[in-house]
Amino acid sequence: MKSIYFYIFIFTVILNGNSVFAQACCTAGTPLLGSLEMTSAPKGILQFGFTFDHNSLTDVLSGSSELKNQERERISESLLFEVNYGLTNRISVTSLFSYIRQERTISQSSNKLSAAGIGDIVLMVKYSLVPFDIFNNQELSIGIGGKIPVGNSSLKSNGILLPADMQPGTGSWDGIFWSYYSKGNFIFTDLTLMGNISYRMNGDNDRFENSAKGYSFGNELISSIGFNYPLNSTFDLTFIMKYRNAQNDTFGNEDIPNTGGNWVYLVPGISSYLVNNLSARLNGEIPVFRKVSGTQLTTTFSASVSIFYSLNIFEGSFK
Amino acid sequence: MNRLLVVGFILWITMVIFTGCDSVESSSADVSGDWLIPENEIFDGGPGKDGIPALKSPALTKPSNISYLANNDLVLIVNHNSEVRIYPHPILDLHEIINDEIGDKSFAVTYCPLTGSGICWDRMVFGEKTTFGVSGLLYNTNLIPYDRNTGSNWSQMQLRSVNGPLLSTVVKTYPIIETSWATAKNLYPDADVVSISTGYSRNYGTYPYGDYRTNNSSLIFPVNNSDGRLNEKERVLGLLSNSSTKAYRINDFQNGEVIIDTINSDRFLIYGDSGKNIICAFNITNINKDVVFSISNTFSSYVLSDNLGNNFDLFGNSQNSNARNLESAKFFIAYWFAWAAFYPDTDLYQK
C-alpha cells in the first residue's frame, strides 16, 4: 500500500497541475495569482514548492488577429517559492515569494532593457470545505488572502521610470480569492478531475510622482479544468484547459487602452513522484484562443519546471 | 525534519542572496546625460525605443484610391512648391513619425496621438540630414522623438532637443495643416496621400486608443498642469510668438471666419472654419494695416482674399505669382490639456 505521502503529493502537488501560470502582456511582476501551486495542506504537513517559469511574448494581436513582422519581444521569468502549512485538517496557510526578471527587446534598434527584483508576496488562508481523504478521493477548498506590495514598482533606467509591466512589483495591495476542486477515480477510472477558480482584485498604486491619480492593474479571473492520468507509479500526465480574463488597467479610474483581454490556454504537463516526499513537474502553456483589448504583445508560449517537497512536522504520525 | 526545514530555508535565502538586489540593464546609452525637462516627469511609454516604427519615404497614392479613411478622419497636409502631400492620422497613430521629402525639402511629420499634436520638422540639422525615430519616451504624455544621427532626444511640443549632443537646439518647423479627410481631398484632389502599404502589418482602419480622443477624463500618463478653461480634449490652434503663446478654439470659427489678433507687437491673421474642421494662422506684421482680408467666395484651395485682389491658399501661397505670399505663423494644433501643460501661461482667445 502506498504511503499517505504519496496521496498527499498527488492531491496537493501533482494533481494540482492546474498551474494557472497567468502571465500575459500588461501583467506586472509575478504571475502570482496563477502561481499558487498547492492545495490545502493537512494538519502538520509543511509543503515547499520551488518553480522556475519562463514566459515568451512575441505575438502582437489586434483583437484576435495576429499582426505579422513585429519588432518587439518580451520575456518574463520568475522564480517562485511557495510554502504551505496545514494548521488543521481544514485550515492551512500559504505564502508565495517571488523573484522576477523582465526583458524587452526591440529588434529594429537592437535595444534591450531588462529589469529584475524581488516581487510581491502573497499570503493566504485556505479552508477545506471537503478535506481530502483517500476514501472519498475528493477535495473542495477555498482561500482568501492578499498580495503585499514588497516588490519594487518604481525601478528606473537612467533616471526614467520603467513601464508598469516591467516592474517586479505592482505597488498595490490586492485581494485574492482562490478555490479548488478535485475528484479522484473520476467515472471509475484512474483519471482525476481538477478545477480551479481564482480572482485577484487589484488596488491602486502611486507610481507617478507628479500625479495624485492611482494606477491599477486590471482585475484578473483565472479558471481552469482538466484531468490527471497516472502513467505508472512514478509519472503522471496532466491536461488542463485554462481561461484567463483580465480587465483593463486604469489610471485615475479611467481605462487604459490596449490592456486586458481574454485568453484560453492548453496546459500539458508531466509530473514525477521522485523519492521520499520529493516530486517534480514540467508544464507547458500554449495559447489556443486570444482576444485582447486593442493591440497588445501577448504570450506566445510559457514553460515551467517545479520541485515540491513535503514533510510532516509531527514525524511518525503518518505511515 | 530540522534538516529539511533548513534546506528549504537555505533555498529561499539563496534565491534572495543571488537575486535579491533590484537591477536594471539597458543597452541604450541614448538617454544618459542632462535633460532640459524634469526627469521624473519623463515616462517610458511601454513599447520601447523604435517599438513604434517611424516610416521613411512612404509609398504614396491618390485620394481616389483611398478607401480606409472616413470623411471625418483627420489628416495633416504639407505643401512644398505646390506639391501637396497628405499624411492621415490613422497611419500616424501607429507610426507617429514619417520621414519624407518633397523635392529638395527633407522633413519629418511628427504626430503624437496622446496630445493630438502634429508638427512638421526640418530633417536638416546643422547641415546634416537626419531621420527621426520614436524614442518610446513621453514628457507631459507627449512624443519624444530622437534623431538617428546623434541620438539626441527632442521634445515635440517644446520644439527643441532636451537631451543628448544637440541639447537645447531648436528645431526648424515647416507649415503643416490639420483638417478632415473630406476637406483635404476637396481642396487637393490631386495630392499624394500616404498609402497603407507601409511594409508593416497594422490595422490602420482602427483607432488604437479607445475613447481617448473624446473622453476628457482619460489620460494615460500624468501632465504637470491642468487648465479648466476648456475641455481637456478640445483641439486648439496654439500660436507661438516669441515668448508669448495664445490658443484659439476651432469652434470659435463658425462657417469660415477671419480674425486679426495682436500678440505683443506682432499681428496675426487666423483663418478657421469649424464646419470644414480647418484652422491656420499667418504672421501679417509686415503687411500694411489697410489691407483687409476676407474669406474667398468659393471654397477652393484658395481660401483667403484681400482687398487688393489677391487670393491665398492655406499655406499663404498667393494665386498670383507676382504677389507676395503670406508668412505662416509658428503654430500647431493640439489637445487643450497638452497645450496648457506645455504652455501654462498661455492666453486663450476670447471671441
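Numbered from 1 within each chain, the chains take letters A, B, ... in sequence-line order.
Each of A/Ser293, A/Ser62, A/Ser65 has some count of heavy-atom pairs under 4.5 Å with chain B, and the biggest count is that of A/Ser62. Chain A forms more heavy-atom pairs under 4.5 Å with one residue of B/Gly45, B/Gly33, B/Ser217 than with any other, namely B/Ser217. Considering only heavy-atom pairs separated by less than 4.5 Å from chain B, the leading option among A/Ala212, A/Gly294, A/Ala115, A/Gly252 is A/Ala115. Heavy-atom pairs under 4.5 Å with chain A were tallied for B/Thr206, B/Val223, B/Asn215; the largest tally goes to B/Asn215. Between chain B and the options A/Gly159, A/Pro257, A/Gly63, heavy-atom pairs under 4.5 Å are most frequent for A/Pro257.
When the salt bridge (Lys or Arg N to Asp or Glu O under 4.0 Å) test is applied to B/Arg213, no partner is found at least two apart in sequence or on another chain. A/Asp59 pairs by the salt bridge (Lys or Arg N to Asp or Glu O under 4.0 Å) definition with A/Arg290, not counting sequence neighbours. Partners of A/Asp204 by salt bridge (Lys or Arg N to Asp or Glu O under 4.0 Å), not counting sequence neighbours: none found.
Both the backbone and the side chain of B/Phe221 come within contact range of chain A, each with at least one heavy atom under 4.5 Å from a heavy atom of that chain. The parts of B/Pro47 that come within reach of chain A are both its backbone and its side chain, each placing non-hydrogen atoms under 4.5 angstrom from that chain. Contact annotation for B/Asp211: neither backbone nor side-chain heavy atoms come within less than 4.5 Å of a heavy atom of chain A. Contact annotation for A/Asp255: only backbone heavy atoms (N, CA, C, O) come within less than 4.5 Å of a heavy atom of chain B.
The shortest side-chain heavy-atom distance between B/Trp35 and A/Ile160 falls under the 4.5 Å cut-off. With contacts defined as side-chain heavy-atom distances shorter than 4.5 Å, the pair B/Pro53/A/Glu71 qualifies.
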Under the criterion side chain to side chain contact (heavy atoms under 4.5 Å, CB included), I'd like the reasoning laid out for B/Asn203 against A/Thr295: C-alpha separation, chi angles, the key distance, then a yes or no.
CA-CA 9 Å; B/Asn203 283 344; A/Thr295 300; 5.7 Å; no
Evaluation steps, side chain to side chain contact (heavy atoms under 4.5 Å, CB included), between A/Leu113 and B/Val24
CA-CA 7 Å; A/Leu113 175 70; B/Val24 177; 4.0 Å; yes
Please step through side chain to side chain contact (heavy atoms under 4.5 Å, CB included) for the pair A/Leu161 and B/Asp44, ending with a clear verdict.
CA-CA 6 Å; A/Leu161 186 68; B/Asp44 184 324; over 6 Å; no
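Remark: A/Ile256 CD1 to B/Tyr212 OH distance equals 9.5 Å, nearest 0.5 Å. Going from atom CG of B/Asn216 over to atom CD of A/Glu254 covers 10.0 Å, rounded to the nearest 0.5 Å. We find the CD1-CZ distance between B/Ile220 and A/Phe251 to be 10.0 Å, quoted to the nearest 0.5 Å. With rounding to the nearest 0.5 Å, the separation of CG in A/Asn158 from OG in B/Ser26 is 6.0 Å. Atom-to-atom distance recorded for B/Asp22:CG and A/Ser153:OG is 10.0 Å, nearest 0.5 angstrom.
Counted within 6.0 Å of CG on B/Asn40, heavy atoms from surrounding residues, nucleotides or ligands total more than 12; the atom is thus considered enclosed. Within 6.0 Å of the CG atom in B/Asn225, the count of heavy atoms belonging to other residues, nucleotides or ligands exceeds 12. The neighbour count for A/Lys156 NZ, taken as heavy atoms of other residues, nucleotides or ligands under 6.0 Å away, is above 12.
A salt bridge does not link A/Arg104 with B/Glu25: none of the charged nitrogens is closer than 4.0 Å to a carboxylate oxygen.
In this structure, A/Asn258 contributes its side chain and B/Pro208 its backbone to a donor-acceptor pair below 3.5 Å. In terms of modelled atom types and a separation under 3.5 Å, the side chain of B/Ser201 and the main chain of A/Lys68 share a donor-acceptor contact.
When the heavy atoms of residues 130-142 of chain B are compared with those of chain A, the residues falling under 4.5 Å are B/Leu137, listed by number.
When every heavy atom of A/Pro163 is checked against every heavy atom of B/Gly46, the shortest pair comes out as CG-CA, 3.8 Å.
Side-chain contact annotation: B/Asn224 with A/Asn210, donor-acceptor N/O pair under 3.5 Å absent.
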